[in-house]
Amino acid sequence: MAEREVDIAILGAGSAGLSAFRAASRHTDSVALIDPGPLGTTCARVGCMPSKLLIAAAEAAHAVHEAPLFGVHPGPLRIDGREVMARVRSERDRFVGFVLDDIAAIEARHRIEGRARFTGPQRLRVDLNDGGTLDLHARRVVIATGSHPALPAEWRAALGERLIVNDDVFDWQDLPASIAVVGAGTIGLELAQALHRLGVRVRLLGRGTKVGPLSDPELQALGATVFEAALPLQREAAVTSVEREGGGVRVRWHTPQGEHEESFDLLLAATGRTPNIEALAPAAAGLTLDEHGVPAFDPHTLQIGRGPVFIAGDVNVDRPLLHEAADEGLIAGDSAGRSLTAGLDALPPQPRRTPLAIVFSDPQIALAGLSHRQLCAAGTRFGTGRVSFANQGRSRVIARNVGALHVYGELGTRRLLGAELLGPAAEHLAHLLAWSIQRGETVDAALAQPFYHPVIEEGLRTALRELRKALDARATQPCEGCEPGE
Ligand SMILES: Cc1cc2nc3c(=O)[nH]c(=O)nc-3n(C[C@H](O)[C@H](O)[C@H](O)COP(=O)(O)OP(=O)(O)OC[C@H]3O[C@@H](n4cnc5c(N)ncnc54)[C@H](O)[C@@H]3O)c2cc1C
Ligand SMILES: NC(=O)c1ccc[n+]([C@@H]2O[C@H](COP(=O)([O-])OP(=O)(O)OC[C@H]3O[C@@H](n4cnc5c(N)ncnc54)[C@H](O)[C@@H]3O)[C@@H](O)[C@H]2O)c1
């Protein structure tokens, strides 16, 4: 068995691991980047990029479908599933290719192709892809192993290859005729709506009342109404049985309205993700996992306790988004590198960006800064500025006048704290809001910025004016609808 010593071992060459490698390499040349593959990152291979490619095709189909509203009649819509999927795959491959080029540019002595697990606090065993084994002594370890789809084991046993996850969708040669999508979180909503718009018979089953990540009760209720109108969605749907039926699947579920059953070609499980940590044998490194299956860590150093192990990206479950994974990788790699000389006890905390999350549904959903739930949980005294997009000028002009925006500001300081929205151009409005929040701006400073006419940002101005009124009147948010203890 081969043996080796390194200063820093990085487990996983995804978005977090690659950032960690770059940051760690500024401190020492003795860095090993370990991954069994397939390489190319979740984001580029089976996540952000291919899902947005599928959504882009769906938006094109939807634009044709909606064109008669403007008096434009393009003729019968024909969707060629093979062509749709060919573009998704080829553009996906292009994005993956860039990542593979970056990895290939890393000197071979730094790269280890294999699957790592702990055998001791600073010891790793790597099952090499070539069949060999490597025992590695690493002074520091960065865990950046990502996550995998979580799905009920009994569904896999019952459905075999008819049960799919997001990874499978992006390798399709053609679109299926029908699909049940279980889980109305971010992945379920994005993929179900895209497939629906591409002519696939879809049924999206959400087990709760909520659709997507909105936490503001008013917006949650609006979101449920909007998405129930936009696609075949059933909420409070508990799947009671799944079984093979001919070449497809038979799904039965229960809702407050009664029992339901329907047949589909496939069942797509979009039921959340599990961190890739158990297989690392964390106990061997002395790491204990909390109820979410992750060890306690400092989000400003990514250090686990005061030990030699750091954890970055989706594997720590904290902020499972691409830009956060990249940031966390940088912080973890840098902290691990600094600790080689500075020791493990007082690593400098590094700043984090204002939270920002966007769902590419239609209408888009976005959260910036602190969510309504977080503000309630912290007992913050805040006011809310609201705007509906129903009669917002530019939104109506382009027939995208669906949704609403809530912006939260602190009573007293008048600082913007957070926002939640569902509506047109939410991806852009959320950036403006996140940037203002990060700069520590008050509602008055935000309103002093220029607003053109006629633009969707004028809706944001209306919400800010409403917030100013609420703060002037000292009207605080009573936190109605927040669950006890939140
Ligand atoms: C369908 C979908 C759509 C998404 N859309 C968006 C979006 O639009 N915007 C956004 O911001 N985020 C999006 N995300 C989330 C985003 O993709 C992730 O947050 C991000 O890719 C996480 O990066 P990571 O480095 O933590 O994990 P990964 O990129 O998954 O990297 C983990 C690496 O660890 C390796 N590994 C695993 N186990 C071991 C081991 N034992 N030893 C060594 N290596 C190991 C794996 O092979 C992998 O290469 C989406 C995710 C999905 C699934
Ligand atoms: N646009 C984006 O930025 C984007 C897109 C996709 C994914 N992501 C990231 O990936 C993460 C994971 O997404 P996700 O959709 O897998 O997780 P999620 O937590 O958003 O949604 C999972 C959903 O599945 C439901 N669920 C779980 N078990 C179920 C069951 N047995 N039956 C029915 N429903 C069940 C949950 O109630 C939840 O609503 C997101 O939190 C997000 O950070 C981001």
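Since the structure is predicted, the reported quantities are computational estimates derived from the model, not experimental observations. Excluded from the calculations below are hydrogen atoms, water molecules and symmetry mates; all remaining heavy atoms, backbone and side chain alike, are included. When a ligand or atom number is given, it counts from 1 through the structure's own listing order. Along the sequence shown, residues are numbered consecutively beginning with 1.
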Out of [options], who is nearest to [atom] when you count heavy atoms only?
| atom | options | value |
| --- | --- | --- |
| atom 39 (C) of ligand 1 | V169, T145, T186, N316 | T145 |
| atom 30 (C) of ligand 2 | T271, L321, L322 | T271 |
| atom 24 (O) of ligand 2 | G185, A270, A150, G208 | A270 |

Quick one: look up the protein heavy atom nearest [atom] and list residue, atom name and how far away it is.
| atom | value |
| --- | --- |
| atom 8 (O) of ligand 1 | K52 NZ, 2.8 Å |
| atom 6 (C) of ligand 1 | C48 SG, 3.5 Å |
| atom 18 (C) of ligand 1 | D314 OD2, 3.3 Å |
| atom 35 (C) of ligand 1 | D35 OD2, 3.1 Å |
| atom 12 (N) of ligand 1 | L322 N, 3.4 Å |
| atom 21 (O) of ligand 1 | C43 N, 3.5 Å |
| atom 41 (N) of ligand 1 | A116 O, 3.0 Å |

Using side chain to side chain contact (heavy atoms under 4.5 Å, CB included) as the criterion, list what pairs up with L321, not counting sequence neighbours.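 L321: side chain to side chain contact (heavy atoms under 4.5 Å, CB included) contacts with H323, E324, A357.
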Listing, residues 272-286 side-chain donor-acceptor contacts under 3.5 Å, not counting sequence neighbours, or none:
from : atom 1 : to   : atom 2 : distance (Å)
R273 : NE     : S147 : OG     : 2.9
R273 : NH2    : S147 : O      : 2.9
N276 : OD1    : H148 : ND1    : 2.5
N276 : ND2    : T145 : O      : 2.7

Which ligand 1 atoms, with their elements, are less than 4.0 angstrom from a heavy-atom of R273?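 Near R273, the atoms of ligand 1 are 53 (C).
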Determine the sole option in I179, L159, L205 for which the side chain to side chain contact (heavy atoms under 4.5 Å, CB included) test with L267 is passed.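 It is L159; the other options fail the test.
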My question is simple, although I want it checked carefully: is atom 1 (N) of ligand 2 less than 4.0 angstrom from any protein heavy atom?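 Yes.
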Within ligand 2, which atoms have a heavy atom of [X] less than 4.0 Å away?
| X | answer |
| --- | --- |
| E190 | 1 (N), 2 (C), 5 (C) |
| R273 | 12 (C), 16 (O) |
| I358 | 1 (N), 2 (C), 3 (O) |
| F360 | 1 (N) |

Do P349 and D298 touch side chain to side chain, with heavy atoms closer than 4.5 Å?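 Counting from C-beta outward, P349 and D298 never come under 4.5 Å.
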Could you grab the distance from atom NE2 of H110 to atom CG of L33, nearest 0.5 Å is fine?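 Answer rounded to 0.5 Å: 10.0 Å.
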Side chain, backbone, both or neither: which part of V182 has a heavy atom under 4.0 Å from ligand 2?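 The side chain, only.
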Any N/O of P320 closer than 3.5 Å to an N/O of ligand 2?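 There is such a contact, yes.
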Say whether Q350 and H300, considering side chains only, have a donor N or O and an acceptor N or O under 3.5 Å apart.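 No, because no side-chain N or O of Q350 sits under 3.5 Å from a partner of the opposite role on H300.
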Any atom of ligand 1 sitting under 4.0 Å from a heavy atom of A279?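 Heavy atoms of A279 never come under 4.0 Å of ligand 1.
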Looking only at distance, does T42 have an N or O less than 3.5 Å from an N or O of ligand 1?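 Between T42 and ligand 1 (N or O atoms, distance only) the closest approach is under 3.5 Å.
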